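All values reported here derive from a predicted model rather than from experimental measurement. Order of the sequence lines sets the chain letters (A, B, ...), proteins ahead of strands, with each chain counted from 1.
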2 protein chains.
Amino acid sequence: MLPGSVTLTEVAAAAGVGESTASRVLRNHGSFSQATRERVLAAAAQLGYVPNRIAGTLASAGSNLIGILIPSLTNIVFSDVLRGANAVIDAEGFQAVVGVTNYDPRREEALVASMLSWRPAAMMVAGLEHSERTRALLAASGSRVCELLDIDGPGLDLVVGFSNEGAGRAAARHLLARGYKRFGYLGRDFGRDTRAGKRYRGFVETLREAGLTLADEEIVPVSSSIEAGRVGTDRMLERTPGVEAIYYANDDMAIGGYFHCLANGLSVPSQLALFGHNGLDVGRFAPQVMSTIRTPRVGIGETGMRLVLAGASAQTVDLGFELVEGETA
Amino acid sequence: MLPGSVTLTEVAAAAGVGESTASRVLRNHGSFSQATRERVLAAAAQLGYVPNRIAGTLASAGSNLIGILIPSLTNIVFSDVLRGANAVIDAEGFQAVVGVTNYDPRREEALVASMLSWRPAAMMVAGLEHSERTRALLAASGSRVCELLDIDGPGLDLVVGFSNEGAGRAAARHLLARGYKRFGYLGRDFGRDTRAGKRYRGFVETLREAGLTLADEEIVPVSSSIEAGRVGTDRMLERTPGVEAIYYANDDMAIGGYFHCLANGLSVPSQLALFGHNGLDVGRFAPQVMSTIRTPRVGIGETGMRLVLAGASAQTVDLGFELVEGETA
DNA sequence: CTGAAAGCGCTAACAA
DNA sequence: TTGTTAGCGCTTTCAG
């Protein structure tokens, strides 16, 4: 294959044993004498042998590859999920093949096909919404599939997450209980982030049940979340002066809003209340603790991966979320 | 392999052509008639064929896998590098296999060996410091290697980054030019993050050249960077009241320090000046723009990947950094 | 333009 | 305990 790539055959020859014997020793599987073992190991070390898993996987059964598809690397949420999954992957001797979809179903489809061509032991994907073909590919692959971060809907196989609609509802209930009446919503494109869309719907629905509606809402088209929060808050307050509380699509945006308030001498939460989503450190250690919903992101990645590798049966696992009362709302 | 996995042989049979012909059509390589093409494609689609790259790679030359090793997923810096590299990887039809070392040389070694067993087209690793065996494995692999984020030292093959020592020096020069005299340093364990250690040395060395020394310094052992910055700043100010400016290992810590000031009514920069490192959004959109050094993280991943795939010759590429004057120092 | 045949490097029976 | 023998699914000469 590559220049200088030592093969099992060469190691076996150098050790003066058959290929299969060398293979058994190297994988520590099957039986062989102590003397043989030493000779093979010595030969392997001396030649700098690195097993070729491509050949190994082809000859045996499944690979130790785990395909992981996340929408974005900019968003800490997905890094956290990846981190959780990776901890288990490492511990169990698997390897992560990761792809970034940019929230694009077509890209997701292409990446699924591409990953499946490596016959991964399992596929982890974000969310429950996938194209028809993605679903078909996944179903036909025979690999275990685990959908993460959302449980509001039917899954393909394993599903591990929390209810985004429920999170939106909880946020609304909290703000209503605090006595706020005029609400604003600041988010990003739902077409891409369907989970944020579910939170929005839960939020609005809960307001509606209380006989209220959003006073203003905006989808900010700026790429940086913090900037979007800051700019969006500014614009909304100017446009709709009576807004008392803003529900943000995530903590980054909420922090942006908080920065706007700090920079403009607006007192939080009396002049403007802020509510985020995720429970990031930046909100936790801000001058005023951000009111938000803490999601078990690392745990989701970890649990999902663990269940997949344990061969758990198809099921939906709700890891819940925790409302952080905070000081901003 | 997996149950239900359709093979090329089956597609060929269904299309009524030989295996090699089907292979040529599917890879769009070599020659075949239009009619054959259509039959093969139809058969493949109908059977839901997903090529097996494991077999393909074994039979042909190299894989389309790129091994990427980063120290941490918690630190946005590495997500950014990964993002840059991934953009190119995607565009060129490669796949990223990622591993997280947790700044641990042993883990790095194990992951390098494990990744090399998949015969990746290239390996991207963070930094220039590696164990003897890691270096040997990489050198013997025949794969291209690209070391990222640091150029202060000799590399194995391609090196793309900026000078961390230079960044430390630039930070010191800036603070000295601003007239500060009593400095503090707040960071994390250098044994793990050698790049932060290089910045520290550049900083201290520059102070020394100006006839100054650090008034106080601390390695904060808290896991969250923002929290570490907030807590560490608090402790340092209490312990060494005269400190005028703190140089932080990164922006997260600096933001933590900034939050401490905001929460305690300390005016920045007059009562305490803050200087970070990285140029993250959180500092860019804070009430006062964070004084820091912006590093081209995404560009480093992108450039490194591009050079590797273009087969560029071994070299060190300095992508530099930009000092952000900011309002906190 | 197409098919037959020989592997790629390794694993997994099966004998010995 | 060991070696021999078939493949794993695909690509790649090389004839036809």
Side-chain angles (χ1 to χ4, degrees), chain A residues 1-41 43-44 47-65 116-121 141-142, chain B residues 1-41 43-44 47-65 116-121 141-142:
Chain A
M1 168 148 310
L2 283 169
S5 204
V6 181
T7 69
L8 220 211
T9 312
E10 301 178 66
V11 173
V17 302
E19 264 186 272
S20 54
T21 302
S23 172
R24 277 180 228 121
V25 171
L26 260 6
R27 282 176 302 138
N28 200 31
H29 180 278
S31 51
F32 40 79
S33 71
Q34 183 58 26
T36 310
R37 186 185 123 86
E38 274 158 22
R39 266 188 305 150
V40 172
L41 258 25
L47 295 174
Y49 174 68
V50 175
N52 184 332
R53 268 204 209 261
I54 296 178
T57 300
L58 181 60
S60 61
S63 78
N64 73 335
L65 261 21
L116 251 19
S117 75
W118 282 102
R119 300 297 188 268
S141 74
Chain B
M1 167 148 311
L2 284 169
S5 202
V6 180
T7 68
L8 218 211
T9 313
E10 302 179 65
V11 173
V17 301
E19 265 185 89
S20 51
T21 303
S23 173
R24 277 179 228 121
V25 171
L26 262 5
R27 281 175 304 136
N28 199 32
H29 181 279
S31 51
F32 39 78
S33 70
Q34 183 58 27
T36 308
R37 187 186 122 85
E38 273 158 24
R39 265 187 307 148
V40 172
L41 258 25
L47 295 173
Y49 174 69
V50 175
N52 184 333
R53 270 204 208 261
I54 295 177
T57 301
L58 182 59
S60 61
S63 79
N64 73 335
L65 261 20
L116 251 18
S117 75
W118 281 103
R119 300 296 188 266
S141 74

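Summarising the geometry, the separation between CG on Asn28(B) and P on dC1(C) is reported as 12 Å, rounded to the nearest angstrom. Leu58(B) has its CG atom 12 Å from the P atom of dG9(D), to the nearest Å. The distance between atom CZ of Arg24(A) and atom C1' of dT4(D), rounded to the nearest whole Å, is 11 Å. Atom CH2 in Trp118(A) sits about 13 Å away from atom C1' in dG9(D), given to the nearest Å.
Heavy atoms only, all atoms of each residue included: Leu8(B) and Leu26(B) are closest at CD2-CD2, 3.8 Å. Trp118(B) and Arg53(A) get closest at one heavy-atom pair: NE1-CD, 3.4 Å.
A donor N or O paired with an acceptor N or O is not found under 3.5 Å between the base of dG9(D) and the side-chain atoms of Thr7(B). You won't find any donor-acceptor pair under 3.5 Å spanning the side chain of Ser31(B) and the base of dT2(C), going by distance alone. One cannot find a donor-acceptor pair under 3.5 Å joining the base of dG9(D) and the side-chain atoms of Arg53(B). One can find a donor-acceptor pair under 3.5 Å joining the base of dG3(C) and the side-chain atoms of Ser20(B).
Contact of the Arg119(A) side chain with the Thr57(A) side chain is not registered, since no non-hydrogen atoms from C-beta on lie closer than 4.5 Å. Taking 4.5 Å as the limit, every side-chain heavy atom of Glu19(A) sits out of range of all side-chain heavy atoms of Ser23(A).
Contact annotation: Thr36(A) side-chain N/O to dT1(D) OP1/OP2 distance is not under 4.0 Å. Neither OP1 nor OP2 of dC10(C) sits under 4.0 Å from any side-chain N or O of Ser60(A). Between dT11(C) and Arg27(A), a contact under 4.0 Å exists linking OP1 or OP2 to a side-chain N or O. Note on Ser23(A): every side-chain N or O is 4.0 Å or more away from OP1 and OP2 of dC10(C). OP1 or OP2 of dC10(D) lies within a sub-4.0 Å distance of a side-chain N or O belonging to Tyr49(B).
Mapping Arg37(B) and Ala59(B) onto DNA chain C via the closest heavy atom, the residue that lands nearer the 5' end is Arg37(B).
Nearest to the side chain of Thr21(A), among dT2(C), dG3(D), dT11(D), sits dG3(D).
The residue from Val6(A), Val40(A), Leu41(A) that alone fulfils the side chain to side chain contact (heavy atoms under 4.5 Å, CB included) condition with Tyr49(A) is Val6(A).
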